[in-house]
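One-based numbering, in listed order, for ligands and for the atoms of each. Quick caveat, the model's predicted, so the values are computed rather than measured.
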Amino acid sequence: MKNQINLLPEDIPTKWYNVLTDIPQPLPPPKDPDDGPSRIESLPKLLIGECLKQEFCTERWVDIPEGLIELYLRAGRPRPLFRAEALERELQTPAQLYYKGEFFSPTGSHKVNTALAQAYYARQEGYERLTTETGAGQWGTALAYAASLVGLKCTIFWVRAVYNWKTSRRNFMRLLGAEVYPSPSDQTDVGRALFNKNPRHPGSLGIAISEGLEDSQKNPEAIYCLGSVLNHVLLHQTIIGLETKRQFEKIGTYPDIMTSCLGGGSNFGGFILPFVPDVVNGGKKVRFIAAQSKAAPNLQGEYRYDFADHAEITPLLKMYTLGHKVEMAPIKGDGLRYHGCSPIISSLRHLGFIETVAYPSDEKYVFDRARLFIQTEGYLPAPESAYSIACAIDEALKCKETGESKIIAFNISGHGFMDMVGYQEVLKL
Ligand SMILES: *Cc1c(COP(=O)(O)O)cnc(C)c1O
């Protein structure tokens with residue numbers, strides 16, 4: 001039995017899968033709040049034209065442009081699917097464990113899959129510069145990389161509390177040619193108001209988003225990019241699940257359980273969505289489990305309309321949410337700390353297709369399980385991906401008790417080479 005299932009470069013998917021055509025109920029559309037200017041009417045100024053079109057796409061399959069396929073190949077796609085034989089032996093489980101290697105990403109995470117698409121379209125539409133925010137830093141690095149490859153400039157507003165200590169990632173973004181500002185910065189009105197009061201303001205994702213948006217709205221040569229939550233981002237990420245599905249087909253296997261970590265829902269969605277029509281229409285039974293942190297268990301919140309950002313610049317989205325003003329304690333897997341879950345995943349959860357588990361926010365439990373993975377399989381997962389591993393191991397241990405040999409697939413959304421401090425602090429290395 002080969003423990004690595006590979007696709008050839010010529011096997012790379014050439015279309016993304018749009019789940020909107022297969023969700024049993026139409027997705028509730030974005031809405032304007034009762035007060036203030038229309039957020040919906042301002043969307044064409046906020047988003048790349050092609051991405052906005054994809055947001056409401058009604059075709060089941062969407063062509064990936066040829067130039068973008070070239071970029072995906074350059075970034076090392078297709079990525080391998082591994083059978084975790086060593087981990088299975090260690091756990092003495094009858095279950096079969098498979099993991100998708102998104103950690104083979106040039107910047108460290110799956111976020112390059114949508115960053116490349118957004119940069120590609122922005123370039124096509126004549127923009128010269130991309131603006132964005134970043135929290136943990138993975139999205140900023142992915143966008144800096146994508147901008148650099150297609151020849152665009154990139155401006156990143158980075159939550160100051162994280163900017164200050166993640167020096168390797170900061171240097172990586174600058175090496176890629178991006179301008180990186182700690183947020184709140186002195187570059188925008190929103191930022192300056194806060195910065196002038198307190199130059200050491202720790203910042204927040206909400207403030208950084210507002211800075212990125214203001215920068216792009218005031219400068220017509222620039223356009224803002226978002227790294228998760230929205231339908232077009234999940235669409236781009238389906239390349240993960242489409243590859244995985246072909247890899248399972250190659251070995252004549254089909255998963256019983258699929259799990260991944262979930263912050264805004266883009267890697268989880270990208271991984272599972274191509275399997276969803278088989279379950280919704282095709283009579284297959286797959287348990288889809290989202291692995292979250294108790295610091296931000298958004299799928300256990302309320303299903304209602306809420307803003308996607310702190311400053312209420314975005315339209316209202318129907319999603320599972322903890323409330324857009326909620327304070328969430330920082331964690332090492334900070335990419336999972338977001339108040340709401342993507343409308344697509346929220347809708348599927350509402351219809352009963354998605355389970356969720358939330359792990360303790362001290363992260364000892366998940367990092368201990370990640371350590372087991374590192375010592376058997378040899379790859380260093382991102383702190384966020386440790387949650388996928390914890391959930392897969394939990395399910396494998398349940399199989400050990402029941403004697404069931406289930407097929408468990410999990411996605412490893414990134415590597416942790418730039419986040420060692422997290423492991424060091426929690427595991428006392
Ligand atoms: C950003 C990030 C996440 C969480 O975001 P999703 O949109 O939920 O996927 C998970 N893992 C890694 C490595 C990330 O960078």
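- Residue contacts with ligand 1: H415 is excluded, as none of its non-hydrogen atoms falls under 4.0 Å.
- Between Y379 and F103, the ring planes are tilted. Angles from 30° to 60° get that label.
- Between S260, P383, S109, G263, it is G263 that holds the heavy atom closest to atom 8 (O) of ligand 1.
- Those atoms of ligand 1 with a heavy atom of S413 less than 4.0 angstrom away are 10 (C), 11 (N), 12 (C), 13 (C).
- Counting the atoms of ligand 1 from 1 in the order shown, those under 4.0 Å from a heavy atom of G264 are 6 (P), 7 (O), 8 (O).
- At under 3.5 Å, not a single nitrogen or oxygen of S385, backbone or side chain, sits near a nitrogen or oxygen of ligand 1.
- Legend: residues meeting side chain to side chain donor-acceptor pair (under 3.5 Å) with R369, ordered by chain and number and at least two apart, are Y365, D394.
- Taking only nitrogen or oxygen atoms, main chain and side chain alike, E384 does not reach within less than 3.5 Å of ligand 1.
- Between R129 and T155 the shortest side-chain heavy-atom distance falls below 4.5 Å.
- At the shortest separation from atom 4 (C) of ligand 1 among protein heavy atoms lies G335 O, 3.3 Å.
- Nearest to atom 1 (C) of ligand 1 by heavy-atom distance, out of Q138, Q237, R337, K111, is K111.
- Near A382, with a cut-off below 4.0 Å to any heavy atom, the atoms of ligand 1 are 13 (C).
- The side-chain heavy atoms of F172 and Y145, taken from C-beta on, include no pair separated by under 4.5 Å.
- Distances below 4.0 Å separate heavy atoms of S228 from the following atoms of ligand 1: 6 (P), 7 (O).
- In summary, the atoms of ligand 1 found under 4.0 Å from a heavy atom of L262, numbered by their order in the structure, are 8 (O).
- Between the side chains of Y254 and D278, at least one donor N or O sits under 3.5 Å from an acceptor N or O.
- Residues that satisfy the ring-ring contact (aromatic ring centres under 6.0 Å, His included) test with F353, not counting sequence neighbours, are absent from this structure.
- Here atom 6 (P) of ligand 1 lies nearest to S266 when heavy atoms of A142, S266, G227 are compared.
- At a cut-off of 3.5 Å, with distance as the only test, no side-chain donor of E384 or S413 sits close to an acceptor on the other residue.
- Checking each of L273, N231, L235 against N18 for a side-chain contact (heavy atoms from CB on, under 4.5 Å) leaves exactly one that passes, namely L235.
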